[in-house]
Amino acid sequence: MDLPSLAVILQAALSPNPDERKAGEQSLNQFQFAPQHLVRLLQIIVDNNCDMGVRQVASIHFKNFVAKNWSPDSDTQQKILQSDKDLVRDHILMFVTQVPPLLRVQLGECLKTIIHADYPEQWPRLLDWVKHNLQDQQVYGALFVLRILARKYEPTGAMLTITFCLRRFKSDEERTPVYRIVDETFPHLLNIFSRLVQIVNPSLEIADLIKLICKIFWSSIYLEIPKLLFDQNIFNAWMILFLNVLERPVPTEGQPVDPDVRKSWGWWKVKKWTVHILNRLYTRFGDLKLQNPETRAFAQMFQKHYAGKILECHLNLLNVIRVGGYLPDRVINLILQYLSNSISRNSMYALLQPRLDVLLFEIVFPLMCFSDNDQKLWEEDPHEYVRKGYDIIEDLYSPRTASMDFVSELVRKRGKENLHKFIQFIVEIFRRYDEASIESKPYRQKDGALLAIGALCDKLKQTEPYKSELERMLVQHVFPEFNSPVGHLRAKAAWVAGQYAHITFSDQNNFRKALHCVVSRMQDSELPVRVDSVFALRSFIEACKDLNEIRPILPQLLDEFFKLMNEVENEDLVFTLETIVDKFGEEMAPYALGLCQNLAAAFWRCMNSAEADDEADDPGALAAVGCLRAISTILESVSRLPHLFVQVEPTLLPIMQRMLTTDGQEVFEEVLEIVSYMTFFSPSISLEMWSLWPVMMEALADWAIDFFPNILVPLDNYISRGTAHFLTCKDPDYQQSLWNMVSSIMADKDMEDNDIVPAPKLIEVVFQNCRGQVDHWVEPYLRITVERLNRTQKTYLKCLFMQLIADALYYNAALTLSILQKLGVASEIFHLWFFLLSQVKKSGLRANFKREHEKKVCCLGLISLLALPADQLPGEALGRVFRATLDLLVAYKDQVAEAAKEEEAEAEDDDDMDGFQTDDDDEDGNVDDKEMGILADDGDEADTLTLRKLAEQTLEFNYQALANGVAQHAEQRRVEIEKEKLEKASAATAT
């Protein structure tokens, strides 16, 4: 397609007419894989004669296509011609600086994709291009590209901590590209940086260049200091420039007035990145104890020559806001982080000390007080005020949070010198506030003082004389503010009360008063007050020793709580509800349906909000996850009341149906937990719940293999609790569906041993629950088990396969043994099984089959062999099986007895949903421990006689004694079991 035709199609994709727009998009999709399509898109993007809207559509289409198709998965066919790739790489570098910023952003994303995929192997000349242009007139373009290149080696997001922790284990070979980038570009960067810093009256374009240099430096030093910078002369040259930028006042000319625009202005960005870099160097090299021999000398040099100078510069910068000047919030936050890190280091604290009082009382404390910006946001957008107050990301940028951290660190590390004087300062604010008239009270200072008291709660709870005065402080200075005419003080009173809810009140009436004050503020006219009150309520519920304090107002609490959930999407609100449910347990039964209905409605609102924002970490998305967790908590709390599960199913079913598809990938684990509860505790599994089986199977086959252990739980429940439907239904055919999934996974050579573990567990569930009804599946399942066992490396998986074979023997010993013989592996299987049973650790403890359940399954399988006719099990084999069985039975009996003692001592609740909560429970079996093996199966007393007779014929004296002991135990347990059955029957009749 030629350029004019492509431009017409792109123009159509912009059309306000839906049909024209759809036709344009379809044409783009139709021709996207045509040769040179990418190249022509790039030509349109840089064509100044084209309409800007068309160029923008072209840039977006170009970016999305590159992101999806430039580096496809190994099993996906390459869709971009190599010649087109070469042309794109050859031209995009010079085009990126020629386009307006709006288009440069899109091309930058494309460059990021291409560089991450191709450098250095497929794009070896990229660094040469950067070096050449750093020395030419294309400095901006070279810096722009180098920033993207350097960022390839900078960890982002959740990987930061992990990568940093593992950095010492990364090989030199993995770091070689970074070394080369630094070695070959940093000398040029240093020269450019030096020239830029010397320019008098620099323009905003100069700020953009310095900012790019700072970002490149940041990416290059994040994990470790490049070896080039260990040269003291080179490092000193860089530090002189950074300190110059740090100390130099930001130009006043051209500085925006709007604070939101101002903080993003180029010169303030330069200041921020400079502080960022110096903080990073200090964090990495501020503590000599953390250094290895290679970096110790460098760290000593940094401490001696630069750490103190940076501290002085930071203090001078902060002084600007003391006299009414401006600093961006992020810069203030970073500087206070540096100062907080300096408190524990003697040499740095010595430099800080002479200016500490001014810093603490005239800079840090005012930052903790309610501000004009707070008031503006409170009045104009209370929802945003609440979001910012409880957003952990906001804390990274907040001067207030950094101020609280500084004060906390100061009293924690240097409390002897500073705690008393700071508390005296707060007390003085309280005194002035109390003595002032209503119209002249320092409300904002009182807000800051309360914030400080709340932030120091851990220290004050442990330190006398303050510890003894906390209750009086709350009564005198906090409780009155619940009725303050100023909304932010009512909110702060609730927050502080929550911080101290767990102290021991000498007068329980004061605890009761605080609780009632918090509850009353849940009906406040101001949204932030209501939210803070709910969060404080969680602390009071946790601390409450007498639930009668709360029971009378529980309906009111829940009503106010759900009104608030309709207003605010916040995961902390849901945590509060979980606390209430945990505390009251089954008492929540009358509210369970209403709770689930409200949470389901809140979940859908949060999901709609998250989809609109298209961000996984959006508050709506986080709150949606919280709603599902709260639903699970409710279901667990009413697990003894099966009828409630029938009532809540219609409410929860739409969530399960949709969120088990790709729409629910972000909440898949939480939804599976709900499915697990619903299939485990309901009186029976409804046909509507069965409709989720194929949805889960489709997800597992398509994208959800990582969730296989989670999917195992409800599948187990379906088979074990809905056995009849599993066996009889043919549309869909659940047996065939299970086989298709399990056989595919077991046969997949690309799947690691630990990834397939749920598959054999599901086969076990079938054998355990469908005895005598799935004979036709025994051979297929045993065949794939043997095939996978032959290439299994992990011992724990070999043991699991042995348990599966034991379950098959328990299902039908004669059939299983004949199949193993048919496959020619019977001797090999039993040899491996007995070997695994006999393995012990150095301590003498059993190496394998350590859990009760594992021993029980092996016993069931081995005992099933003993019932076979003599011609199917030769005497020698019989003796070996018998010995192994007796050893296991004794070990199992002792382990069960020991567990019973521990359970009695810990007063554990036997009726918890242990079926799928811990590894120590029998999540994959439904055979009662009390009715294990010969002790119960057919209830035939001949079993014990058989045991004794076999012992007399085949076994040594010590094994005969063991056999008699086990037989006696079996008889004793049989009597106990019959008694328990009679008691249960009597109780049921009485009910």
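Proximity of the aromatic rings of W273 and F217 is defined here by a centroid distance below 6.0 angstrom, and this criterion is not met.
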Using distance only, find each side-chain donor-acceptor pair of residues 363-375 under 3.5 Å and give its atom names and separation, not counting sequence neighbours.
{"from": "S371", "atom 1": "OG", "to": "N373", "atom 2": "N", "distance (Å)": "3.4"}
{"from": "S371", "atom 1": "OG", "to": "D374", "atom 2": "N", "distance (Å)": "3.1"}
{"from": "S371", "atom 1": "OG", "to": "D374", "atom 2": "OD2", "distance (Å)": "3.0"}
{"from": "D372", "atom 1": "OD1", "to": "R444", "atom 2": "NH1", "distance (Å)": "2.5"}
{"from": "D372", "atom 1": "OD1", "to": "R444", "atom 2": "NH2", "distance (Å)": "3.3"}
{"from": "D374", "atom 1": "OD2", "to": "S371", "atom 2": "N", "distance (Å)": "2.9"}
{"from": "D374", "atom 1": "OD2", "to": "R400", "atom 2": "NH1", "distance (Å)": "3.2"}
{"from": "D374", "atom 1": "OD2", "to": "R400", "atom 2": "NH2", "distance (Å)": "2.5"}
{"from": "Q375", "atom 1": "NE2", "to": "E379", "atom 2": "OE2", "distance (Å)": "2.8"}

Exercise answer: donor-acceptor pairs, residues 228-243 side-chain atoms, under 3.5 Å, sequence neighbours excluded:
{"from": "D231", "atom 1": "OD1", "to": "N233", "atom 2": "N", "distance (Å)": "3.0"}
{"from": "D231", "atom 1": "OD1", "to": "I234", "atom 2": "N", "distance (Å)": "3.4"}
{"from": "N236", "atom 1": "OD1", "to": "Y306", "atom 2": "OH", "distance (Å)": "2.6"}

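The salt bridge (Lys or Arg N to Asp or Glu O under 4.0 Å) analysis of residues 343-361, with sequence neighbours excluded, yields the pairs E312-R355, D357-K421. Residues in residues 48-60 take part in these side chain to side chain donor-acceptor pair (under 3.5 Å) pairs, two or more places apart or across chains: N48-R55. Sorted by first and then second residue, the ring pair (Phe, Tyr, Trp, His ring centres under 6.0 Å) pairs with a member in residues 374-404 read W378-Y385, Y390-F535; sequence neighbours excluded. Applying the salt bridge (Lys or Arg N to Asp or Glu O under 4.0 Å) test to every pair with at least one member in residues 313-339, sequence neighbours left out, gives these pairs: R322-E362. Applying the salt bridge (Lys or Arg N to Asp or Glu O under 4.0 Å) test to residues at least two apart or on different chains, the pairs with a partner in residues 86-96 are D86-R89, R89-D118. Applying the side chain to side chain donor-acceptor pair (under 3.5 Å) rule to pairs touching residues 121-132 yields K131-E184, sequence neighbours excluded.
Partners of E205 according to the salt bridge (Lys or Arg N to Asp or Glu O under 4.0 Å) rule, which considers only residues two or more places apart in sequence or in another chain, do not exist here. Looking at residues two or more places apart in sequence or on another chain, you find a side chain to side chain contact (heavy atoms under 4.5 Å, CB included) between A117 and W70, S71. Residues forming a salt bridge (Lys or Arg N to Asp or Glu O under 4.0 Å) with K271 (at least two apart in sequence, or on another chain): none. Partners of E109 by salt bridge (Lys or Arg N to Asp or Glu O under 4.0 Å), not counting sequence neighbours: none found.
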